[in-house]
Amino acid sequence: MEMVPSEENQFVPKEGVFWSCRQSIFDEMKRLSQIQNAAEEPRVLCIIQDTTSAKTVNERLTLNLPASTTLSKLYEDVAHKAGYVNDTFDLAWGNTLDMAPLDHNSEMSLSDSGFEPGGKRNFLQLTDKDGEQPQIVSDESGTADSSGVDDSSQERFIGPLLRDGTAGSSGDYSSPSYSYSSILNKSETGYVGLVNQAMTCYLNSLLQTLFMTPEFRNALYNWEFEESEEDPVTSIPYQLQRLFVLLQTSKKRAIETTDVTRSFGWDSSEAWQQHDIQELCRVMFDALEQKWKQTEQADLINQLYQGKLKDYVRCLECGYESWRIDTYLDIPLVIRPFGASQAYGSVEEALQAFIQPETLDGPNQYFCERCKKKCDARKGLRFLHFPYLLTLQLKRFDFDYTTMHRIKLNDRMTFPEELDMGPFIDVDDEKSPQTESCTDSGAENEGSCHSDQMSNDFSTDDCVDEGICLDSTSSTERVLKPKSLLTFELFSVMVHSGSAAGGHYYACIKSFSDGQWYSFNDQHVSKITQDDIKKTYGGSSGSRGYYSSAFASSTNAYMLIYRLKDASRNAKYLAVEDFPEHIKSLVQKEKESEEQEKRQREIERNTCKIKLFCMHPVKMMMESKLEVHKDKTLREATEMAYKLMELEGVVPLDCCRLVKYDEFHEYLERSYEGEEDTPMGLLLGGVKSSYMFDLLLETRQPEQVFQPYKPGEVMVKVHVVDLKNETIASPISVRAYLNQTITEFKQLIAQATGLSAETMRVVLERCYNDLRLLYVPNKTLKAEGFFRSNKVFVESSESTDLQVAFTDSLLWKLLDRHGNTIRLLVLLPEQSPGTLANRTLCQKVGGDSDVSFDGSKDNRKSVEAILEESTEKLKNLSLQQQQHQGSSTSDSQKSSDASDFEHIESPTQEADANSSLCVAADNRELENRIRTTAGSSGGASSDPDNHFACEERSDSEVNNDRSTSSVDSDILSSSHSSDTLCNADSGPIQLANGLDSHSITSSRRSKAHEGKKETWDTAEEDSGTDSEYDDNGKNKAEAQYLYFRAEPCSQDDSSWDAQKCLVVHVDKRITLAAFKQNLEPYVGVTSTQFKVFRVYANNQEFESVRLNETLSSFSDDNKITIRLGRALKKGEYRVKVYQLLVNEPEPCKFLVDTVFAKGMTVRQSKEELLPQLKEQCKLDLSIDRVRLRKKTWKNPGTVFLDYHVYEEDISISSNWEVFLEVLNEPEKMKSMSQLAVLTRRWSPATMKLGPFQEVILESSSVEELKDKLSEIGDIPLENVEFAKGRGTFPCDISVLEIHQDLDWNPKVSTLNVWPLYICDDGAVVFYRDSTEEPMELSEDERNELMKKESSRLLKTGHRVSYSPRKEKALKIYLDGGPAKEPGQD
């Protein structure tokens, strides 16, 4: 066998060469097939969040992989992209909790592993493996930079990433999120980027293109700004000049564009508006031309960008041609002709189609002036002159008339690097013998092209004034170039990535200095190749965009700019040394500004910023921020803080010092004795963005000495309790150590307070609202739960209270009351003489007789008199209770009774046989847990239902719909905020007559008595009603008495009228029912006859109706308004009644608040409602001519029949709303099987809608409905057409749209099926006569009718017509900004 050498220099059989070659061919074919299949198969978009460290948690890695990629290959690609060693990290699903990581070695494909292809985003998390962070690849083994990715990996990566949460904002080719530090160093390319303000990527792309245009940049540099003539802030050319200077000379990576947009007259909201880049180009050029008038640059835009074309029509019979000359700044090229399925494949093909004439024949014939008749003609465009800088706009945005939505055309359209425009210009036909000029509209239509093949992109929109209207200016004639010299070279491609709904712009620009292409993507500038330019052609071969396929988006070229190749005109960029003098001055100015900014950043980097507090002797606690350089000493920082807190002239400087402070715990951590010369950076632990502690500027009196604070000490605020006088003193601060015993701690307190340590009781108030008696002598403070800052109550007396269990002691009761009492401001209602006559007052014990007011002014008592009487009565009750308890022989009875303070404070408790107590109008007796003989006194009483005949309804009118949720949702549960530091530092607190100051607002512990707990009425909750009575008819307020004391309100307490305001100190565990009971003597009526409204911010009032709920959600100085009106009993509901006026402009009118009860029939509720309507609304109605019906917002619903029972047939709830409808005839609705439909006739001949008429149907048959409509409309049955109204009642619609917008005459036989779904009363049905022809309207009549309809529909709050969100017009303001409407913010 013959042997031949192989590639490895080994001899192989000759036949083996053939097979080896054949195998190589097969392998290559297989590889090409795999590449082709990979391009065709679905791809999986993977977004990976690196959660392995705080620095990388905001980074996103994005891979776009074929669906056949295996999991092991996914790990390799992620490792390569992230720069980690493979197998040192895990990947897990990012949107699922507790999900096991993906298998490293699995050969399962992504599609089989649960990944969703087709552009859907698959979120993964890169996590630690086995608790260890991933290993980073060393520089020798590779980098994580995208430039190091191989071709296959590069193909999988999709380009510019969208910022998270920002629609249409800029992104980056790399994943790290943008930070300010990333713009401090210049790009390695030598070019400077532009910061995206929010959605200003379109502006950045255009600015970079203009900057990279030598002729524009140089001309801008040659313009000199005159500061005496214009404000530099509003000068657009000057701000562009500054920006270009910074782009050329700055050392930053990216610079801001806010100064430029400010010169446009834009505010910050404009940064969130994305606009079309071609529109911005036109508007900016218009603005520059206006600003450059009367300067050398006046015609710069026209010289560089303006071309000419001829719009002509040629008669095909006589050859006569009518034409006009137009100018243009860019050429819009159609991507896909209207109605065609195939797009143009190249720019040259689109240009050819642009100038391709069309034939006008048939009904479109042209009237020839020469032939004096209509003739066939040819209409088209001819280019007469191309500008030096040729701008081509690829019209990728279109409107889909099938879906009625804007779409983006992502078809492939190639464009050459050099474009020969010679074939598209008509030099010889500028003025032929057969042509006759009709008009020269170049000045009038400056910057616009007119063609039937394209839209007029420069015309002013009919509705929105875009840009700036230019005055007529003459254009300069230019010498036409020969066709052979019309070669243009591409230097800028402005790319759009996204959809018609939004996206991102960036620019690919070629530098004329080195011929290199660069990508200018906001703040990032990078080198790219010609292959990257080809990827912007669009279509299947182009790279996908970063949006999901749901928006059908992609990345492709949108605007192209070419420059004419002409050595005589092609300019170079001005070097810095060649700058004009005014530009050199500007460069120096900007350089100094940049250096100053750099120095300021350096200072900021070395400045400690920390919260500073000070207990100012005059201004009390003050807060500020101390900014001090890290090298400043403590002494210098103290002096700065001294001035900052304005202590000069108040406290000497040597009486101040800075100490470490914890504001949250009000804890002085340590002082800095002997460290006055230590740098602050060292004391504070370096310069940090935030500190875990604060500083306090402590002051002292000159004769005092500062106490040293050592680390490890705890702060204790000690309140001394005086049991005899029932007072709690202001706190004394004591510092202790956690390892101290209770005995040592008592001795420490004894030294500070002068109390006896032997008889001392110490009570710790811990978090979570409990009181803890410290009684174990050898137990340490740490073991007892002391922390940084603590609060204790101490009492040292030899009273018998020491022998009682702590939870039964007077000390516990005082502290418990102290912690739970809040201060409320209660506004009493206005009292009329008639109302006062029904008021019953408590009299002093031993009084001769009970007194009732007769309503005269002479007998009217003030709030102060009532309070005085109540106080005297309480004192007598207290004495009697003490006597009774002294004679009691059963300890168990004592423990089961209420505590002292529960009895002595309530002004509504009963006394003994000699006591007089006020009695409610309904003669209810209050249950008394004090065992004394009950006595009662009669007072003037009257029918409670007639008490409030003259009550004003202002509260309902004010709140109206807003008060529909009158259930006080805040009174639901106790809050649990920490109250470690919640005592008030404001002098002794008189507990015998109530707390003068209460700062604890959190909920507290409940009583510790055995067998005692707060009363909760489950029957109330089960029934879902709001009532003051339980199932046995007993008053809920009787269940438990808690502390309550009221006093007149002073002028300093409230902005309310002090004569009508009470300050109430009350235990917040009291129920609303008991609270109302205690308010009875001050309101003057029983608790069932007034309502309680809680006042929130902005003086909004909401009624509190949950009588079994406590006041635990209230806090100090909350405001309450009392309004007269009957409160609810068990099974009752408050109902708002609105009148339904179907033919009025406002069909929903509020009438009254009333009460319906469970088990009441609809007729009974009407019987009670009608007298109320007659009295309050002056409506005298017959019960057989009114109906009640369901109200759902403004929609009328089910008609309630007279025999319906609430809660059985009709569901009812708190703050229910119903419609009352006045009928013109007796009720026809007798059965639930009937259906009440509101119909309205539409008359096309008169363009009017008739009034509503109700139709009662016996069934849901369409035929029956048509019969009824035929009857009431006098229309033949076969001509009746109907349609269901849309939206909320009254389903208004414009008469110009009703004919085509509604679904007329649906093909159904019953009303309860799609598309009607008429299953309940109150549906609106429009009907018409199908033979009636619509009125023919002239344009003026239509416009007038449109205005009337718009006005009518706006008044009723209904839409005029459907319209998507209107895009904000792009404008540049030459006068500094838009004029705001009066009163506009």
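In what follows, every heavy atom counts, from backbone to side chain, and hydrogens, waters and symmetry copies are set aside.
- In this structure a side-chain-to-backbone donor-acceptor pair under 3.5 Å is present from Ser1165 to Val1162.
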### Message
If you apply the rule salt bridge (Lys or Arg N to Asp or Glu O under 4.0 Å), what do you find for Lys1166 with Asp1184, and how did you get there?
### Response
CA-CA 10 Å; Lys1166 289 197 292 185; Asp1184 295 322; over 6 Å; no
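- The closest side-chain heavy-atom distance from Pro1147 to Val1142 is not below 4.5 Å.
- Contact between Ser1113 and Asn1118 at its shortest, heavy atoms only, is O-OD1, 4.4 Å.
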### CA sep, side-chain torsions, deciding dist, call: Val1135, Val1218, side chain to side chain contact (heavy atoms under 4.5 Å, CB included)
CA-CA 7 Å; Val1135 179; Val1218 295; 3.9 Å; yes
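- Scanning both residues, Asn820 and Asp816, for their nearest heavy atoms gives ND2-O, 2.9 Å.
- Separation of atoms CG (Asp1117) and CG (Leu825) is listed at 5.5 Å; rounding is to 0.5 Å.
- In this structure, CZ on Arg1094 lies 4.5 Å from CZ on Phe1114, to the nearest 0.5 angstrom.
- Heavy-atom minimum distance, His1204 versus Ile1210: CB-CD1, 3.6 Å.
- The closest side-chain heavy-atom distance from Leu814 to Glu726 is below 4.5 Å.
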### Task
With side chain to side chain contact (heavy atoms under 4.5 Å, CB included) as the test, would you mind laying out the steps for Phe1044 and Val1064 before giving the verdict?
CA-CA 7 Å; Phe1044 179 98; Val1064 175; 3.4 Å; yes
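- Atom CG of Leu824 sits about 13.0 Å away from atom CG of Leu827, to the nearest 0.5 Å.
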### Task
Could you walk me through whether Leu1181 and Leu1220 pass the side chain to side chain contact (heavy atoms under 4.5 Å, CB included) test, one step at a time?
CA-CA 11 Å; Leu1181 304 174; Leu1220 178 138; 4.1 Å; yes
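- Ring to ring, Phe1102 and Phe1093 are not that close: their centroids are 6.0 angstrom or more apart.
- The existence of a salt bridge linking Glu1221 and Arg1189 is confirmed by a sub-4.0 Å separation between a basic side-chain nitrogen and an acidic carboxylate oxygen.
- Checked against a 6.0 Å centroid threshold, the rings of Tyr1133 and Phe1156 do not count as neighbours.
- Annotation for Thr1161 and Asp1202: closest pair CB-O, 3.7 Å, computed over non-hydrogen atoms.
- We find that Arg1123 and Glu1101 are joined by a salt bridge, their nearest charged nitrogen and carboxylate oxygen being less than 4.0 Å apart.
- Remark: side-chain polar atoms of Asn725 are not paired, donor with acceptor, to backbone N or O of Thr727 under 3.5 angstrom.
- Counting heavy atoms from C-beta on, the side chains of Lys1194 and Glu1146 come closer than 4.5 Å.
- In this structure the side chain of Tyr1043 never reaches within 4.5 angstrom of the side chain of Val1066, judged on heavy atoms.
- With values rounded to the nearest 0.5 angstrom, Leu828 atom CG is found 11.0 Å from Ile1120 atom CD1.
- A pairwise comparison of heavy atoms in Phe1090 and Leu1079 identifies CZ-CB, 4.1 Å as the closest pair.
- A donor-acceptor pair is defined here as one N or O able to donate and one able to accept, closer than 3.5 Å; no such pair exists between the side chain of Lys1091 and the backbone of Ser1104.
- Put simply, the side chain of Gln1077 never gets that close to the backbone of Leu1072: no donor and acceptor are under 3.5 Å apart.
- No side-chain heavy atom of Val1085 sits less than 4.5 Å from a side-chain heavy atom of Glu1080.
- Side-chain contact between Phe1219 and Val1137 is absent, with no heavy-atom pair separated by less than 4.5 Å.
- Side-chain atoms of Lys1191 come within 3.5 Å of backbone N or O of Trp1193 as a donor-acceptor pair.
- Leu1169 contributes atom CG, which lies 8.0 Å from atom CG of Leu1151 (distance to the nearest 0.5 angstrom).
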### Task
Report the C-alpha separation of Glu1217 and Lys1136 in whole Å, then their side-chain angles, then the decisive distance to 0.1 Å, and conclude whether the salt bridge (Lys or Arg N to Asp or Glu O under 4.0 Å) test is met.
CA-CA 5 Å; Glu1217 294 182 348; Lys1136 289 185 177 294; over 6 Å; no
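- Between Val1063 and Pro1048, the shortest heavy-atom contact is CG2-O, 4.2 Å.
- Put simply, the side chain of Lys1076 gets close to the backbone of Ser1087: a donor and an acceptor are under 3.5 Å apart.
- Counting only heavy atoms from C-beta outward, the side chains of Lys1158 and Glu1208 never approach each other to under 4.5 Å.
- Proximity of Val1083 to Pro829: side-chain heavy atoms (C-beta onward) are separated by under 4.5 Å at one or more points.
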#### Entry: Step-by-step side chain to side chain contact (heavy atoms under 4.5 Å, CB included) determination, Val1186 to Leu1170
CA-CA 9 Å; Val1186 295; Leu1170 293 185; 4.2 Å; yes
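- Atom OG1 in Thr1154 sits 11.5 Å away from atom CH2 in Trp1216 (nearest 0.5 Å).
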